[in-house]
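Step one of this worksheet: look at the structure below.
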Amino acid sequence: MSQQNVDLILTGKYLLTLDAEENIIEHGGVAIAGHRIVETGPSREILEKYSGSETINEEHGLIMPGLVNTHTHAAMSCFRGFADDLPLMQWLQEYIFPVEARLTSEIVYHSTLLSLCEMIKSGTTSFCDMYLFAADVARATELSCMRAWIGEVLYDFPSPNYGELENGFTYTEDLFRQYSDNDLISVTVDPHAVYTCSPDLLKRLGQMAADKNALYVIHLSENQDEVDACKDRYGCTPVMHLENLGLLNERVVADHCVVITDDEIKLLADRGVKVAHCQESNMKLASGTAPVVKMLDAGITVGIGTDGSASNNDVDMFGEMNTVAKIHKVVRMDPTAMGAAQTLRAATSGGAKVLGADREIGSLEKGKKADLIVLDLNQPHLTPIYNPVSHLVYAARGSDVIHSVINGQMVMRDRHLTTLDEPAILDQMSRISEDIKKMRLA
Ligand SMILES: [Zn+2]
């Protein structure tokens, strides 16, 4: 039987498909042609059937879908360690907003590049980003060849990027035009939150998301202060505020949802709203813990997000999974809450579903886009192996990822980034951090 040529074959000790049956293939492999997975199966069969332009056999490797970070502000890597241990509103108003008011497109571009390096090196292949200067976030992302959903954040006050609000609409329209048929980048509509956006702005953006069939990404019910302020101003909670404006639907990605009632969970489930759970950020800002177990029980699709590096302070989704799997056990005093398999699903197929991309990514299956990572299991902290899924959530670190493939392209090989110049990016960031220190004092 003649072999079929493919571009890339990867084989390892385990192949986690994370498909509907959660099949784990021992000594498994994957054949990739172009952007897509041609087949997964036992390595022996894959190697018999296919010949790869490149073939990588990792005796101790674990192959799995790339992680999906459902909420981040990639460029906030420039604020890593800049202001810690402060309440949310003080943190935003005294530190983040004053410096953000002086941000430039070049700072955002280079800071995004830094996060892209970090994300790829810790196993993330897709992310959903809300920030200023989104065109520069997208420009950096294109260079990295990562998959992303990117939106320009809009709010009532003038933006350091586009100035008056009206220009924000034009800016977002331009983004949609520029990326209308990009294979890796999708544009989203991003009202910042109910406390920074008027009802009119929230509704106009809701219409825009409907017209463009785009995701509507918003910080929602992040903490008790937000809920109290919303009650004072509008006489209802943030979730009910959006409901009253007719804005809860299946396009909404609600970031955080920490302070919500059981009735609101049912409402979000009924409306098909998706949730990005950002536990480490919620812990660092002492916002609380989102009732994720209740959300999942109610049928809400939940993904995991790191939020920006200013409130985390990293974008390592392995660290995030570890935290998520443990915190809900403590909060509920139930060691069976958020098991390893459930947590891993939220970080892969769940995240893909949050972004409306589960038909293309989130699992390793024939015909899906080839977004996958390989971890080296031959390490003290990953030995012995009784259950690889347990290791991924409770013992692995982002630095265990050795290869990363996005859309069929190897973006990291043996921990070396192939699309980004890591040393130059780190160098540039040290210079930018000096400028940021001066901005805070200005
Ligand atoms: Zn956020």
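Numbering of ligands and ligand atoms starts at 1, following listing order.
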Next item on the list: Give a yes-or-no answer on whether the side chains of E58 and H403 include a donor-acceptor pair shorter than 3.5 Å.
Entry: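 Side chains of E58 and H403: pair found under 3.5 Å.
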Under 2.8 Å from the Zn ion (ligand 1), the protein N, O or S atoms found are H71 NE2, H73 NE2, H219 NE2, D307 OD1
By salt bridge (charged side-chain N to carboxylate O under 4.0 Å, His left out), E422 pairs with (sequence neighbours left out) K121
Which of P65, S122, S404 passes side chain to side chain contact (heavy atoms under 4.5 Å, CB included) with I373? It is S404
Non-neighbouring partners of R139 that pass side chain to side chain contact (heavy atoms under 4.5 Å, CB included), sequence neighbours left out
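In terms of side chain to side chain contact (heavy atoms under 4.5 Å, CB included), with neighbours along the sequence ignored, R139 is linked to E106, Y109, D136.
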Partner set under side chain to side chain contact (heavy atoms under 4.5 Å, CB included) for K231, not counting sequence neighbours: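 K231 satisfies side chain to side chain contact (heavy atoms under 4.5 Å, CB included) with V227, T237 only.
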- Using modelled atom types only, decide if a donor and an acceptor are shared between the side chain of N244 and the backbone of M240 within a distance under 3.5 Å. yes
